[in-house]
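Below, all heavy atoms of this structure are taken into account, side chains as well, without hydrogens, waters or symmetry copies.
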Amino acid sequence: MKYIISLFVISLFACKTKHHVEVIIPEDEKESFVQLLDRAAIEDKIVFVDLYTDWCLPCQLMDEIVYTDPIILDYLNTNFINLKMNAEIGEGPDLTVIYDIKEYPTLLFLDAKGKVLIRKNGAAFQQELVELGDSALALQLSKLR
């Protein structure tokens with residue numbers, strides 16, 4: 001299933017579509033933010049959130065360069081529950097208030113209670129994104145000890 005979703009995302013970008021898609025969640029399977037946290041608790045995973053806007057150039061660069069990389073998609077899909085959320089629609093404005101978002105993109109690695117483990121203001125490309133993810137995983141592991 002993970003590979004089908006990855007191929008779906010890659011094919012969307014290959015077609016030069018302007019749609020913003022979630023890192024892992026197809027349009028027809030969206031969950032609320034609270035449901036994602038609940039799923040994170042059940043699956044004992046961290047939630048990765050990319051809060052973006054349509055007008056943000058670094059956000060667009062991440063869409064084109066980072067989220068089309070099959071290695072990165074595999075890393076994210078294997079280790080995290082992922083959400084790419086427009087900060088200006090739906091639950092996005094609420095999350096910008098809750099997490100005091102002032103820059104886009106803002107990347108958050110959250111525990112299942114919604115507490116920030118790692119926060120990055122601004123874009124992160126492949127190597128940095130993996131380093132941030134690894135740091136979040138290490139923090140979660142240290143909490144279990």
Side-chain angles (χ1 to χ4, degrees), residues 1-14 17 19-27 29-54 56-145:
M1 181 68 174
K2 289 186 247 180
Y3 296 109
I4 292 170
I5 293 170
S6 296
L7 288 173
F8 172 72
V9 171
I10 291 167
S11 68
L12 284 175
F13 286 108
T17 183
H19 295 3
H20 289 278
V21 296
E22 280 69 15
V23 176
I24 189 172
I25 305 166
E27 274 307 306
E29 295 181 22
K30 281 190 177 178
E31 296 172 275
S32 73
F33 182 68
V34 171
Q35 288 171 319
L36 283 175
L37 292 178
D38 289 344
R39 186 158 56 99
I42 292 167
E43 295 179 20
D44 193 29
K45 282 192 168 182
I46 294 170
V47 177
F48 167 64
V49 180
D50 175 343
L51 280 154
Y52 73 94
T53 63
D54 288 334
C56 164
L57 182 59
C59 302
Q60 294 168 17
L61 289 173
M62 284 192 69
D63 281 348
E64 292 174 15
I65 297 169
V66 179
Y67 299 137
T68 58
D69 184 329
I71 294 169
I72 294 302
L73 289 174
D74 184 56
Y75 173 78
L76 291 172
N77 291 331
T78 299
N79 294 293
F80 307 101
I81 294 174
N82 303 290
L83 176 64
K84 183 166 171 39
M85 181 173 287
N86 189 322
E88 297 179 321
I89 60 174
E91 292 181 285
D94 294 334
L95 292 182
T96 62
V97 171
I98 291 168
Y99 291 105
D100 193 31
I101 306 299
K102 306 261 191 260
E103 299 176 45
Y104 300 102
T106 295
L107 310 175
L108 304 170
F109 290 88
L110 309 172
D111 67 16
K113 294 180 181 176
K115 182 180 175 199
V116 176
L117 299 170
I118 301 286
R119 176 190 186 110
K120 166 73 164 95
N121 296 328
F125 292 91
Q126 285 87 333
Q127 182 177 345
E128 184 180 14
L129 186 57
V130 170
E131 289 170 359
L132 293 167
D134 287 347
S135 295
L137 290 167
L139 279 172
Q140 183 185 33
L141 186 59
S142 71
K143 285 183 173 185
L144 298 175
R145 293 181 182 171

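- Evaluation of the side-chain hydrogen bond (donor to acceptor under 3.5 Å, both in side chains) rule for D134 yields Y75 as partners, not counting sequence neighbours.
- For Q60 (side chain) and L57 (main-chain N/O), no donor-acceptor pair under 3.5 Å exists by modelled atom type.
- Judged by distance alone, with hydrogens and angles left aside, the side-chain atoms of N77 form a donor-acceptor pair with the main-chain N or O of L73 at under 3.5 Å.
- For CD1 of I71, the number of neighbouring non-hydrogen atoms (other residues, nucleotides, ligands) closer than 6.0 Å is 12 at most.
- Legend: residues meeting side-chain hydrogen bond (donor to acceptor under 3.5 Å, both in side chains) with Q126, ordered by chain and number and at least two apart, are D69.
- Annotation: cation-pi pair K84/Y67 absent, no NZ/CZ under 6.0 Å from the ring centroid and within 45° of its normal.
- Judged as a salt bridge (Lys or Arg N to Asp or Glu O under 4.0 Å), the pairs with a partner in residues 106-126 (not counting sequence neighbours) are, in order, D111-K143, K120-E128.
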Please output the side-chain donor-acceptor pairs of residues 91-98 that fall under 3.5 Å, not counting sequence neighbours, one pair per line with the distance.
from : atom 1 : to  : atom 2 : distance (Å)
E91  : OE1    : F33 : N      : 3.0
E91  : OE2    : F33 : N      : 3.4
T96  : OG1    : P93 : O      : 2.6

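- Atom CG of L51 and atom SG of C59 lie 9.0 Å apart (nearest 0.5 Å).
- Between E31 atom CD and L36 atom CG the span is 4.5 Å, to the nearest 0.5 Å.
- Under the 4.5 Å side-chain criterion, counting only non-hydrogen atoms from C-beta, L139 is in contact with I118.
- To the nearest 0.5 Å, atom CD of residue Q140 and atom OG of residue S135 are 13.0 Å apart.
- At least one side-chain heavy atom of F80 sits less than 4.5 Å from a side-chain heavy atom of L137.
- Residues satisfying the side-chain contact (heavy atoms from CB on, under 4.5 Å) criterion with A123, sequence neighbours excluded, are P58, M62, P105, F125.
- Annotation: the span from M85 atom CE to T106 atom OG1 amounts to 13.5 Å, rounded to 0.5 Å.
- Once rounded to the nearest 0.5 Å, the distance linking CD1 of I65 with CD1 of I72 reads 12.0 Å.
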D50 vs L83, test: side-chain contact (heavy atoms from CB on, under 4.5 Å). Steps then yes/no.
CA-CA 6 Å; D50 175 343; L83 176 64; over 6 Å; no
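- Residues Y52 and Y104 place their aromatic rings such that the two centres sit no closer than 6.0 Å.
- Closest heavy-atom contact between A124 and L107: CB-CD1, 3.6 Å.
- For the pair L129/F48, a side-chain contact is recorded, criterion being any heavy-atom separation below 4.5 Å from C-beta on.
- Legend: residues meeting side-chain contact (heavy atoms from CB on, under 4.5 Å) with E131, ordered by chain and number and at least two apart, are Q127.
- Put simply, the side chain of L117 reaches to within 4.5 Å of the side chain of I46, judged on heavy atoms.
- Results of the side-chain contact (heavy atoms from CB on, under 4.5 Å) test with K45 over T78, N79, I81, N82 single out I81 as the only residue that passes.
- Applying the side-chain hydrogen bond (donor to acceptor under 3.5 Å, both in side chains) test to D44 and every residue at least two apart in sequence or in another chain returns nothing.
- Checking side-chain atoms of N121 against main-chain N and O of E103 turns up no donor-acceptor pair under 3.5 Å.
- Listed by chain and number, the residues in a ring-ring contact (aromatic ring centres under 6.0 Å, His included) with Y99 amount to none (sequence neighbours excluded).
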